[in-house]
Amino acid sequence: MLTRSIDLPGGLTLRAARTSDTTFLGELYASTRADLCSLADPDLSHTLIELQFRAQTESYGRDYPDALHFIVGLHQDRIGRLILDFSAGRVHVVDISLIPAARGRGHGAAVLRALQRTAERIGAPVMLAVDRGNGAARDLYARLGFCSEGARGDFHETLVWWPPALAEASA
């Protein structure tokens, strides 16, 4: 069990998620659902976001039972979450989300670069899925060298980054 935080560049940290983070995680999830936040009925919007968050949490628990759940921090503030699964010989980014105020400031790139360095050390690719409609995330992943591995369902695309040594060995 991770008992201390992991320091990253720029004042970023990763620490194990705790039950006391549940409210933060729910608010973070809501901030990623502009489609549901924009509904005319705020009660309906809140209910749907809560149901979707619960469904996502249950799905991640079922599909990735060995995943590691982290809170991304900036100095003393929680700014996001990272869920990683190492069970299939790869570094699988199940979810990475940042609060709106932290987006577009290089924090996600710093976390992903740290994962790429980890993947190089263990000799494994980094894999993730991105919503095809999320242009900002797609641009970030492209800048970091992720390549498409094809469609994943109707709305997502699987991307992978290969450590240079593995990419050269397969070429």
Side-chain angles (χ1 to χ4, degrees), residues 1-18 21 24-25 28-29 31-33 56-57 59-153 155-171:
M1 174 106 200
L2 182 68
T3 57
R4 61 178 185 80
S5 68
I6 299 166
D7 294 327
L8 300 172
L12 291 171
T13 59
L14 291 179
R15 68 157 172 84
R18 304 184 277 251
D21 295 313
F24 167 75
L25 292 170
L28 175 62
Y29 178 79
S31 78
T32 69
R33 294 304 306 260
Q56 181 191 63
T57 301
S59 171
Y60 286 169
R62 181 183 59 250
D63 296 343
Y64 309 101
D66 298 322
L68 303 172
H69 296 250
F70 296 100
I71 295 297
V72 180
L74 179 61
H75 305 296
Q76 301 301 317
D77 298 323
R78 295 177 292 193
I79 65 163
R81 82 165 175 183
L82 174 67
I83 302 174
L84 297 174
D85 182 59
F86 291 89
S87 65
R90 63 184 179 232
V91 179
H92 182 179
V93 180
V94 176
D95 189 29
I96 183 169
S97 304
L98 298 175
I99 62 172
R103 295 176 195 154
R105 298 182 178 271
H107 304 313
V111 170
L112 290 166
R113 281 190 199 98
L115 291 175
Q116 288 173 318
R117 288 189 302 273
T118 299
E120 281 183 292
R121 283 193 298 275
I122 64 173
V126 180
M127 186 192 99
L128 53 82
V130 62
D131 183 320
R132 288 191 201 131
N134 189 340
R138 292 174 62 81
D139 290 346
L140 168 64
Y141 300 140
R143 283 193 311 272
L144 293 173
F146 283 82
C147 299
S148 177
E149 291 270 307
R152 180 176 172 193
F155 304 104
H156 293 89
E157 184 175 2
T158 299
L159 301 179
V160 69
W161 176 86
W162 291 92
L166 288 179
E168 290 170 13
S170 67

Is the side chain of Arg78 donor-acceptor paired with the backbone N or O of Gly73 at a distance under 3.5 Å, no angle test?
no

Once you round to the nearest 0.5 Å, how far does CZ of Arg103 lie from OG1 of Thr32?
6.5 Å

So, does Arg33 use its side chain to make a donor-acceptor pair with the main chain of Tyr29 at under 3.5 Å?
no

Please report the closest heavy-atom contact between Arg132 and Ala151, naming both atoms and the distance.
NH2-CB, 2.8 Å

For Leu159 and Ser148, the nearest pair of non-hydrogen atoms, with its separation, is CD2-CA, 3.6 Å

Take Ser59 and Arg62 through the test side-chain contact (heavy atoms from CB on, under 4.5 Å) and record every step on the way to the result.
CA-CA 5 Å; Ser59 171; Arg62 181 183 59 250; 3.7 Å; yes

How about Tyr64 and His92: are their ring centroids closer than 6.0 Å?
yes

So does Met127 get a backbone contact from the side chain of Glu149, meaning a donor-acceptor N/O pair under 3.5 Å?
no

Flag side-chain contact, heavy atom, 4.5 Å: Leu112 against Trp161
no

Would you say the side chain of Leu14 lies within less than 4.5 Å of the side chain of Val72, judging by non-hydrogen atoms?
yes

Mind checking whether Ile96 and Leu115 have side chains closer than 4.5 Å, heavy atoms only?
no

Are the side chain of Asp131 and the backbone N or O of Gly133 linked by a donor-acceptor pair below 3.5 Å?
yes

Close side-chain approach of Val160 and Phe146, heavy atoms under 4.5 Å:
no

Could you report the tightest heavy-atom contact between Pro125 and Gly89, atom names first, then the distance?
CD-O, 3.8 Å

Looking at every non-hydrogen atom in both residues, tell me the closest pair between Asp85 and Ala67 and how far apart they are.
OD1-N, 3.8 Å

Determine the minimum heavy-atom distance between Pro163 and Ala119, stating which atoms define it.
CG-O, 3.9 Å

Does the side chain of Leu68 come within less than 4.5 Å of Leu82's, by heavy atoms?
no

Does any N or O in the side chain of Asp139 come within less than 3.5 Å of the main-chain N or O of Ala136, such that one atom is a donor and the other an acceptor?
no

Is any side-chain heavy atom of Leu98 less than 4.5 Å from a side-chain heavy atom of His107?
yes

Once rounded to the nearest 0.5 Å, what's the spacing between atom CZ of Arg15 and atom CG of Asp21?
4.0 Å

How long is the straight-line distance from CG of Leu12 back to CD1 of Ile79, given to the nearest 0.5 Å?
5.5 Å

Is the CZ atom of Arg105 crowded by more than 12 outside heavy atoms at less than 6.0 Å?
no

Look up atom CD1 in Ile122 and atom CZ in Arg117, then write down how far apart they are to the nearest 0.5 Å.
13.5 Å

So Ile99 and Asp77, do their side chains get closer than 4.5 Å, heavy atoms only?
no

Is there a side-chain contact (heavy atoms from CB on, under 4.5 Å) between Leu28 and Arg81? Walk through the geometry before answering.
CA-CA 8 Å; Leu28 175 62; Arg81 82 165 175 183; 3.9 Å; yes

Are the side chains of Phe24 and Arg18 in touch, meaning some heavy atoms are under 4.5 Å apart?
no

In Å, rounded to the nearest 0.5 Å, how long is the span from CG of Leu144 to CG of Leu140?
4.5 Å

